[in-house]
Amino acid sequence: MSPRHHPSRPAPGGTGNPRDAVVTGLGFCLPGGAEPVFTAAQVWDIASRGRTVLGRDGSHYGSVHLTAGQFQERLPDIPEFFSRHYTDAHRYGLVSLVEACADAELDLAAGDLGEAALLVGRGSVDANVDSYLALLGIDPDSATTLDALEMFVAAEQAVSPSDVAVVQGALTRTIGPCFTVSCGCSSSAVQIGNARRLIATGETDLAVVTGVDVFNVGLIEKGQRLLRGAQHAYDGMDAAGMPDLLPSFDTLMRPYDRRADCINHGEGAATVILESREAAERRGAHLYGQVLAAAMTRDGLANPLSADDSGAQLVRAVRLCLGDRWRIEQVPYINGASDGGAAVTAMEANTVRALYGPGSTVLLSSQEGCFGHHGAASGCVGLALTLMMMEYGEVCPTANCEQPADGLSFDPVPGTRTRPLDFDHALSFNYQIGGVKHAMLLGGPDAT
């Protein structure tokens, strides 16, 4: 069953503020095992069962495996002169955009996105490195005219973090705002907040937010060897604030589990369509839910690789979201962003304790173990899954959590089954190492 057809939730209409930011489309290009996953139903099938699509054969990384045929099927009209220079980040971001538009019943060919705001979140620049190095190494005096032109096109499309926004803008031919935010794993969450503000102020009626990242596995492995070598050579080094859990391909990530000892990465993209309630209801769009509020803070620490595991600034972000309009007691579920790291788990546990007090029964789960820690896409994936959970009335488990760690101030929903919960308000968390702590308050279509 698709979340679009939840039997207990009739289609809403005619309520709320005309400038509410409602979600009308979800699209993906995420790891799915042998094949990518593209639709909300496919993502739900994995997350609701706590499945992991990370390999279990000694290499735990979420690979998308998008074929040329799958890309061509969805985007048949892009000139090959441009598309042959696309990186994986371009391809994933374009596919998730097309899938989200199909889900929202928006027609790209008819110009439905001609005035849309296109907001992209990018954290990693790994996909850009080859294009950058190729341009750096070319000898302009010896290059043929054709080689020089090809190199110029490849470089202009791929050597900066604005890469995906450039090609999405060309595809949609939008004349609306089009820009990229780069703040690590908080990137698309921040852009969702920007989209909400653009809609609230009337600057746009339609905003498309895409988070996309691709990771260089060789670069991650090299970083692991460097840090392990340094720690081995100097056991007395002041490691305060250094990562306590390293990315790994050898063992499986287990957020909130007492055996958690690593982080697994995953690549891919997720796109969310947001519209003003007025515009969405005018065209009869399905409403997944709405973004009620968003806030971001920073820990204020001097160490650029550290985080305050007390959660003080995350608590502040949540309280900024709630303001005087909502109470924390209205929020029985939080979509966490734990990548398996002990510091993140401690921060979330301390945040919940400060917000809810002792003896909290709030449910907090993370689905990063399904697809891998996917960087900038995290905000869009977290929003999408949380709204689908509201629509189903079921909370997804924390993938790969079987033995919850001691001292948690929340129920991490361990195992492989959903937990029934009828709720209309939820929080979603995202974090950047040394940077933005982001909280979103999400609601059902008619939540007030």
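One is the number of the first residue; the rest follow in order along the sequence.
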Quick one: [atom1] on [X] to [atom2] on [Y], what's the gap to the nearest 0.5 Å?
| X | Y | atom1 | atom2 | answer |
| --- | --- | --- | --- | --- |
| Q403 | R258 | CD | CZ | 5.5 Å |
| I433 | D339 | CD1 | CG | 7.5 Å |
| L252 | D257 | CG | CG | 9.5 Å |
| M253 | D261 | CE | CG | 11.0 Å |
| S162 | E156 | OG | CD | 9.0 Å |
| Q432 | H438 | CD | NE2 | 12.0 Å |

Would a 4.5 Å heavy-atom cut-off, applied to side chains only, mark [X] and [Y] as touching?
| X | Y | result |
| --- | --- | --- |
| C396 | W44 | yes |
| R316 | K437 | no |
| D250 | C262 | no |
| S131 | T87 | yes |
| I328 | L427 | yes |
| L119 | F179 | yes |
| L26 | M388 | yes |
| Q42 | F28 | no |

Y61 atom OH, over 12 foreign heavy atoms within 6.0 Å: yes
Residue R84 excluded, over 12 heavy atoms near CZ under 6.0 Å: yes
Derivation and outcome, side chain to side chain contact (heavy atoms under 4.5 Å, CB included), residues L442 and L387: CA-CA 7 Å; L442 306 175; L387 293 184; 4.1 Å; yes
side-chain contact (heavy atoms from CB on, under 4.5 Å) against R419, all qualifying residues, sequence neighbours excluded: L363, V395, D411, V413, P414
Has the side chain of [X] got a donor or acceptor atom that lies under 3.5 Å from a matching backbone atom of [Y]?
| X | Y | answer |
| --- | --- | --- |
| E275 | A21 | no |
| Q290 | G444 | yes |
| T297 | A317 | no |
| S186 | V436 | yes |
| R51 | C370 | no |
| T271 | A100 | no |
| S360 | G357 | no |
| T418 | S48 | no |
| R122 | V212 | yes |
| Q330 | R327 | yes |

Please name the pair of heavy atoms, one in [X] and one in [Y], separated by the smallest distance, quoted to 0.1 Å.
| X | Y | result |
| --- | --- | --- |
| A354 | R319 | O-NH2, 3.5 Å |
| S188 | G211 | CB-CA, 3.8 Å |
| A447 | D424 | CB-O, 3.5 Å |
| A285 | T24 | CB-CG2, 3.9 Å |
| D213 | A376 | OD2-N, 2.7 Å |
| A293 | C321 | CB-O, 3.5 Å |

Under 3.5 Å side-chain donor-acceptor pair for [X] and [Y]:
| X | Y | result |
| --- | --- | --- |
| S365 | T398 | no |
| N194 | Q191 | yes |
| T210 | Q168 | yes |
| N264 | E368 | no |

Near-ring test H425/F423, centroid separation under 6.0 angstrom: no
Working for side chain to side chain contact (heavy atoms under 4.5 Å, CB included), residues N128 and Y132: CA-CA 6 Å; N128 312 70; Y132 186 92; 5.6 Å; no
Full working for side chain to side chain contact (heavy atoms under 4.5 Å, CB included) between R49 and D45: CA-CA 7 Å; R49 294 190 285 161; D45 181 64; 2.9 Å; yes
Ring pair (Phe, Tyr, Trp, His ring centres under 6.0 Å): pairs with one or both residues in residues 250-274, sequence neighbours excluded: F215-H265, Y256-F410, H265-H373
Evaluation steps, side chain to side chain contact (heavy atoms under 4.5 Å, CB included), between L97 and T172: CA-CA 10 Å; L97 168 66; T172 62; 4.0 Å; yes
Parallel, tilted or perpendicular, as decided by the 30° and 60° cut-offs, for the rings of H286 and Y288: perpendicular
H90 and Y86 aromatic ring geometry - parallel, tilted or perpendicular at 30°/60° bounds: tilted
